[in-house]
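To start, the structure under review is shown below, and the notes come after it.
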Amino acid sequence: DAKTTQPPSMDCAEGRAANLPCNHSTISGNEYVYWYRQIHSQGPQYIIHGLKNNETNEMASLIITEDRKSSTLILPHATLRDTAVYYCIVRDRGSTLGRLYFGRGTQLTVWP
Amino acid sequence: EAGVAQSPRYKIIEKRQSVAFWCNPISGHATLYWYQQILGQGPKLLIQFQNNGVVDDSQLPKDRFSAERLKGVDSTLKIQPAKLEDSAVYLCASSSLKGSGNTIYFGEGSWLTVV
């Protein structure tokens with residue numbers, strides 16, 4: 001079962017930062033926070049993951065609160081191609097077989 | 001690096017017919033997953049393989065769904081007989097045992113419509 005809570009939808013102007021929140025209040029110490037996105041008619045695409053420190057890559061930044069009960073995915077300069085459903089997922093760190101449990105995600109719409 | 005390959009991309013069948021989906025994971029990935037995604041919902045795990053062995057098939061409707069991964073590489077997912085509620089996208093994914101966080105990568109999916 002999904003262990004995260006996300007708003008069902010958000011929108012953002014092109015060129016502005018998109019900040020997508022996620023609550024995971026029951027996260028345990030051995031669980032990572034993962035973010036995936038799914039553009040219409042495509043499979044989910046990996047974005048970023050983290051344990052407790054903030055992370056940044058070429059796609060996005062991930063900010064995790066100190067108590068690890070929530071996180072925010074930041075797309076610094078959103079484009080129309082970032083319109084997608086964004087999934088926040090907690091995943092067992094200790095197991096190499098840790099699987100992903102998806103919720104309904106957040107539909108992000110970027111408008112011109 | 002080639003991604004996860006799936007075929008067919010689209011399939012329309014009548015109820016009670018059978019269908020099979022094929023998946024070729026990323027080279028060297030030992031773990032393979034099949035997910036079902038119904039329109040408007042997030043993907044739901046059906047079955048997980050480690051090499052050619054089943055790790056978890058607790059969510060697989062075994063009266064009509066079957067999956068195999070011969071030789072620990074390619075995998076097939078079969079539905080027989082299909083029901084209307086099986087209309088969904090079937091996603092294959094794979095991951096390596098090595099590397100940071102052993103990220104799971106998905107294919108484009110196989111779209112099934114049962115009429």
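Each chain gets a letter, A, B and so on, in the order its sequence line appears, and its residues count up from 1.
- Between B:Tyr35 and B:Tyr33, the ring planes are tilted. Angles from 30° to 60° get that label.
- In terms of modelled atom types and a separation under 3.5 Å, the side chain of A:Thr83 and the main chain of A:Val110 share a donor-acceptor contact.
- Put simply, the side chain of A:Lys3 never gets that close to the backbone of A:Tyr101: no donor and acceptor are under 3.5 Å apart.
- In this structure, A:Asn57 contributes its side chain and A:Met59 its backbone to a donor-acceptor pair below 3.5 Å.
- Side-chain N or O atoms of A:Asn54 include none that pairs as donor or acceptor with a backbone N or O of A:Ser61 at under 3.5 Å.
- Screening B:Lys11, B:Arg64, B:Arg16 for a salt bridge (Lys or Arg N to Asp or Glu O under 4.0 Å) involving B:Asp86 leaves a single residue, B:Arg64.
- Heavy-atom distances place the side chain of B:Gln37, and not its backbone, under 4.5 Å from chain A.
- Residues meeting the ring-ring contact (aromatic ring centres under 6.0 Å, His included) test with B:Phe65, sequence neighbours left out: none.
- Of residues 108-115 of chain B, those residues with a non-hydrogen atom less than 4.5 Å from any non-hydrogen atom of chain A are, in numerical order, B:Glu108, B:Trp111.
- When heavy atoms are compared at a cutoff of 4.5 Å, A:Gln38 approaches chain B solely by way of its side chain, counted from C-beta outward.
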